[in-house]
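Both ligands and their constituent atoms are indexed starting at 1 by order of listing.
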Amino acid sequence: MCGIFGCILKDGDAAPLMHAALKRLEYRGYDSVGEATLNNGQLYLKKDRGKIDEVHKVRNLDDLPGSIGIGHTRWATHGAPLEVNAHPHVDCRGQIAVVHNGIIENYAELELELQNRGHNFKSKTDTEVIPHLIEEAQKNNSSLSLRDAVIEAVKRLQGSYAIAVISAREPDKIICARNESPLVIGINQNAVYFASDIPAFLPLTNKALMVDDGEIVTLSLEGVEIRKIADSRIVPREPKIIDWTPEMAVKQGYPHFMLKEIYEQPECLRNTLRLQEHYVDLMATFLDRAREVYLVACGTSYHACWAASYMFSKLAFLPTYPVIASEFIEQHGKSVNIDSTILAVSQSGETADTLASVNCARQRAATILGLTNAIGSTLTRVSRVYIGQQSGPEIGVAATKTFTSQLSVMSQLALRLAKKRGKVSQDEMDYLAERLKKLPETVETIVQTQEEKAKQIAEKYKDAKTIFFLGRGISTPTAYEGRLKLMEIAYVPAIAFAAGESKHGPISLVEPGFPVVFVCPRDETHKTVIGNIMEMKARGASIIAVIEEGDEEIKNLADDYLEVPSGIPEVLSPIPFVVPLQLVAYYMSVDRGHNPDTPRNLAKSVTVK
Ligand code: F6R
């Protein structure tokens, strides 16, 4: 997730206005910033790594001439946060500049093709292919307009993009295009704007045009023209009046970042399906060679590791040890060695206990692999290989979208390893890959259909003194994650157990009306889970079950239930099954009068540069 903004003004300089607008988009990314403007047929550019204020102090982002410009605030997906990787990116002659939010999946092959045609690349980003593709299109046909050259270029792209392009050859316009990344246009009498999100231009205008996938937009002072990329057909569209306050706009109308981020999960899962094969393969190779593998993390990331240990075992027959990072040194510090591999998982890449475990393991010559949402973080610098999960900044303190994305990445690793080891038949591989691809849609269905039910359940149980969360097998970590979410934002004491353990002690707490949440996929544990439900019911517990659609057996036993679509393979089940639990925790926090975005005593780790 990055933020893009640009404008064409009737009067005045674009740069100071872009600077202010990019500040309003900083919640979409903040590792680098850049702007390009056009003035008297010349392209001017400033960019650097760092937060906007830091870069502005050194470079003065307001000091660029011209009333037309494009800008970008970055959350790195490809290429570390360095000046050279900051946007805008330009073609060989420095005449065409591009800002981009999204992920170009086929950039490596396009880059090779363009290099063979003599193009000179400077960055390690996926974006840089775009200005070169546009340059190439105009080289082959010198009368091609900028708009048509952009059309030719984007037809070669696979992946997601919202792009904006300016060219010194046509200095009165900006061309934008969109596929699966957000893009909105703002208009008033004196200017036209484009942006990733409405808050960028909301103080300037409340008239907005939404751009759809597969559309290309020409912005000029004459107006806005939207066409279909496929056939250049003009699409008529009327502006909408936006009546959001600036605060609502940053949250895109959601009352809290946490709910917005729960809703962003389908998009984030789609991003995880665009990982570079090469890195997944490399990491799987390291895992394959290891004598022992530790999955090390804290909090929610630890729950992802725990669930992943079932995936590695069930799919690739690889035993792995999930370890809470704060315990790693005591537990394994003396035994970890050159044959050990540590897969450290950290959304921020900066969590002290996780980094301490990694340091200890490095000193003992172990191999460090990293999975993080923050490229450029310490974890990426100390890892032999790392994967960026590409979820964009998570502003709500309680992790939601980053958890499901971590699980998606690790399920892909497990699948890749299973393939290397020949442990899963081709038919099963194809089936699992297909189901993995469908997960964004599945999660979309869950948030859309279960929010209301989650609200009702939260309302009904909001005064509970304690709540149990139980699961079996791979659903045990899901139950623990549901419990963590509830505790940290709703401040309800909650206890999680592997359901099989409940009768070895915890069940003594149960009395009539005691709420017990069960995570119940229809996997091999289903029958035993029913047995556990019966035990709880016999003691008068109120059963809240997360079930698959059509699971009449458990539906009939439960006092309340939340449903996920049926037919989810066991190894992928934590991804959809956690979503209703996130929603219940969110609504219980709100019902109890708390702000779920800022739980007391907790803060999010941020990348320190
Ligand atoms: C819970 C939560 C924390 C983090 C933990 C690790 O909602 O957000 O438990 O998961 O602090 O943080 P990272 O993943 O940044 O290492």
Side-chain angles (χ1 to χ4, degrees), residues 30-31 75 256-262 264-265 268 272 294-308 322-328 342-359 368-383 386-410 469 477-492 494 496 574 578-579 581-586 588-589 594-608:
Y30 41 73
D31 66 41
W75 182 264
H256 298 99
F257 282 109
M258 183 177 173
L259 190 60
K260 173 173 174 276
E261 286 158 3
I262 289 173
E264 275 169 9
Q265 289 181 110
C268 295
T272 63
Y294 298 102
L295 309 175
V296 181
C298 298
T300 291
S301 298
Y302 167 72
H303 294 151
C305 288
W306 187 5
V323 188
I324 293 175
S326 55
E327 287 298 312
F328 181 82
I342 314 296
L343 172 54
V345 179
S346 170
Q347 184 283 128
S348 60
E350 298 294 348
T351 299
D353 287 324
T354 308
L355 294 179
S357 309
V358 164
N359 276 342
I368 310 297
L369 310 175
L371 167 58
T372 181
N373 191 30
I375 292 182
S377 61
T378 308
L379 182 58
T380 60
R381 292 198 293 270
V382 296
S383 297
Y386 69 82
I387 290 181
Q389 61 182 89
Q390 304 174 345
S391 314
E394 193 171 58
I395 296 172
V397 167
T400 51
K401 63 177 183 173
T402 53
F403 175 68
T404 43
S405 289
Q406 286 166 346
L407 287 170
S408 169
V409 173
M410 287 194 276
F469 284 80
T478 313
Y480 272 73
E481 176 56 14
R483 167 254 198 174
L484 174 61
K485 286 292 89 81
L486 188 77
M487 275 201 319
E488 69 177 329
I489 61 170
Y491 316 142
V492 177
V578 79
V579 177
L581 301 180
Q582 296 169 342
L583 286 166
V584 170
Y586 168 78
M588 220 181 257
S589 169
H594 306 302
N595 179 350
D597 284 345
T598 51
R600 64 189 178 215
N601 308 332
L602 293 172
K604 202 118 194 151
S605 297
V606 290
T607 297
V608 183

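Looking only at atom types and distance, the side chain of Gln347 has a donor-acceptor partner in the side chain of Asn373 under 3.5 Å away. Counted by atom type alone, Thr400 and Gln265 present zero donor-acceptor pairs between their side chains at under 3.5 Å. Inspection of the Lys485 and Thr300 side chains reveals an N or O donor paired with an N or O acceptor under 3.5 Å. A donor-acceptor pair shorter than 3.5 Å cannot be found between the side chains of His594 and Tyr491.
Look at Lys485 and you'll find a heavy atom under 4.0 Å from some atom of ligand 1.
Remark: ligand 1 atoms within the under-4.0 Å shell around heavy atoms of Ser346 are 13 (P), 14 (O), 15 (O), 16 (O). Listed by number with element, the atoms of ligand 1 under 4.0 Å from a non-hydrogen atom of Ser301 are 10 (O), 13 (P), 14 (O).
Between Ala398 and ligand 1, no N or O atom pair is found at a separation short of 3.5 Å. Any N or O atom pair closer than 3.5 Å counts here, and Gln347 shares at least one such pair with ligand 1. In terms of polar-atom proximity, defined here as any N/O pair under 3.5 Å, Thr300 does make such a contact with ligand 1.
Under 4.0 angstrom from ligand 1, the non-hydrogen atoms of Val397 all belong to its backbone.
To the nearest 0.5 angstrom, Ile368 atom CD1 is 10.5 Å from Leu355 atom CG.
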